[in-house]
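This is a predicted model, so every value here is computed, not measured.
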Amino acid sequence: MGDEITLTPEGHISVPSHSPVWVIYNFIKENEQSAVDLQQKYRKNKLEAEQLMESVKEDYKLKSLGVDMSVSYDQVITCCKNLLVCNDSIRYMLEGVNLVIAPYFAIMSDGDMYIMWDWVNDL
C-alpha cells in the first residue's frame, strides 16, 4: 500500500495508518458515491461470475471449477463466456477435470488444470 488513501475495486477504502483524520474525512466525502458504485458493480459481477461458473461446470461436466485468488470477477466472467461458446471437442477434453481459472496455464502433479482467464480458442 502506498502513502495515499485509495478505493479498491471492491469499493473499500484503503487508508495508510499515518493519515490525518481530516484527510480521511475529506476523502470519504469526496468518494462516497464512487465507493457505493464500485460495491454495487462488485456484487453484480460476483453474482454473474458465480452463475456463469455453475453453467460452465455443468456444461463441461467438470469435477470442480475454481478461481485463483489473483483473478478478478470481470476476468472470471470473460473466461466463462469464452468457455460457454466453445465447440464440443473442448468440452469433451475437459470432462471430469478439476479446472482453475488463473493468470497462467499449468497442469499440476495432482492433475488440476489451470487455464488463463484470457485464453483464446484456436481449435
Side-chain angles (χ1 to χ4, degrees):
M1 179 172 7
D3 289 339
E4 296 181 3
I5 300 174
T6 59
L7 279 176
T8 68
E10 297 85 11
H12 300 156
I13 299 171
S14 293
V15 181
S17 59
H18 64 276
S19 299
V21 173
W22 65 271
V23 172
I24 298 168
Y25 177 81
N26 287 340
F27 183 89
I28 291 170
K29 282 299 192 194
E30 292 169 6
N31 294 282
E32 182 177 13
Q33 189 58 50
S34 295
V36 169
D37 293 345
L38 285 169
Q39 288 171 356
Q40 289 173 344
K41 180 183 178 202
Y42 178 81
R43 284 193 296 272
K44 178 186 156 292
N45 286 347
K46 180 180 178 189
L47 179 62
E48 183 179 359
E50 289 169 349
Q51 291 169 341
L52 286 167
M53 285 178 67
E54 190 58 37
S55 293
V56 167
K57 186 177 175 189
E58 288 175 15
D59 284 3
Y60 279 76
K61 298 180 178 119
L62 298 173
K63 191 172 185 180
S64 67
L65 178 59
V67 179
D68 184 271
M69 61 187 254
S70 66
V71 175
S72 72
Y73 287 121
D74 284 333
Q75 294 167 330
V76 171
I77 291 167
T78 298
C79 184
C80 287
K81 284 181 177 179
N82 286 340
L83 284 167
L84 288 171
V85 297
C86 281
N87 61 35
D88 288 338
S89 64
I90 299 250
R91 293 172 196 266
Y92 176 73
M93 287 188 279
L94 295 177
E95 188 174 319
V97 167
N98 292 319
L99 190 65
V100 179
I101 300 169
Y104 52 87
F105 286 112
I107 297 178
M108 304 309 218
S109 60
D110 60 4
D112 289 357
M113 181 182 292
Y114 287 63
I115 62 167
M116 289 180 67
W117 68 267
D118 61 347
W119 66 278
V120 177
N121 179 13
D122 289 334
L123 296 180

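Between G11 and L38, the closest heavy-atom pair is CA-CB, 3.6 Å. For the residue pair V67 and V71, the shortest heavy atom distance occurs at CG1-CB, 3.8 Å.
M93 and M116 fall within a single hydrophobic cluster, where Ile, Leu, Val, Met, Phe, Trp and Tyr side chains are chained together by heavy-atom contacts under 4.5 Å. Cluster annotation: I90 and W117 are assigned to the same hydrophobic cluster (Ile/Leu/Val/Met/Phe/Trp/Tyr, side-chain heavy-atom contacts under 4.5 Å, transitive). By the rule that hydrophobic residues join a cluster once side-chain heavy atoms approach within less than 4.5 Å of another member, M108 and V100 end up as members of one cluster. Hydrophobic clustering, with ILVMFWY side chains joined whenever heavy atoms are under 4.5 angstrom apart, keeps L52 apart from L47. Note on Y114 and L94: separate hydrophobic clusters, where clusters join Ile, Leu, Val, Met, Phe, Trp and Tyr whose side-chain heavy atoms are under 4.5 Å apart, directly or indirectly.
Annotation: Y25, atom OH; neighbour count of heavy atoms from other residues, nucleotides and ligands within 6.0 Å does not exceed 12. Atom OH of Y92 has 12 or fewer heavy atoms from other residues, nucleotides or ligands within 6.0 Å.
Note that SG of C79 and CD1 of I115 are 3.5 Å apart. Values are rounded to the nearest 0.5 Å. Rounded to the nearest 0.5 angstrom, K41 NZ and Y73 OH are separated by 13.5 Å.
Salt bridge K81/E48: present, at least one basic N to carboxylate O contact under 4.0 Å.
Applying the ring-ring contact (aromatic ring centres under 6.0 Å, His included) test to F27 and every residue at least two apart in sequence or in another chain returns nothing. Y60 is linked by a ring-ring contact (aromatic ring centres under 6.0 Å, His included) to nothing, counting only residues two or more places apart in sequence or in another chain.
Counting heavy atoms from C-beta outward, L7 and I13 have side chains that approach closer than 4.5 Å. Annotation: side chain of D3 is in contact with side chain of H18 (closest heavy-atom distance under 4.5 Å).
Looking at T6 and E4, their side chains never bring a donor and an acceptor atom within 3.5 Å of each other. Looking at D68 and S70, their side chains do bring a donor and an acceptor atom within 3.5 Å of each other.
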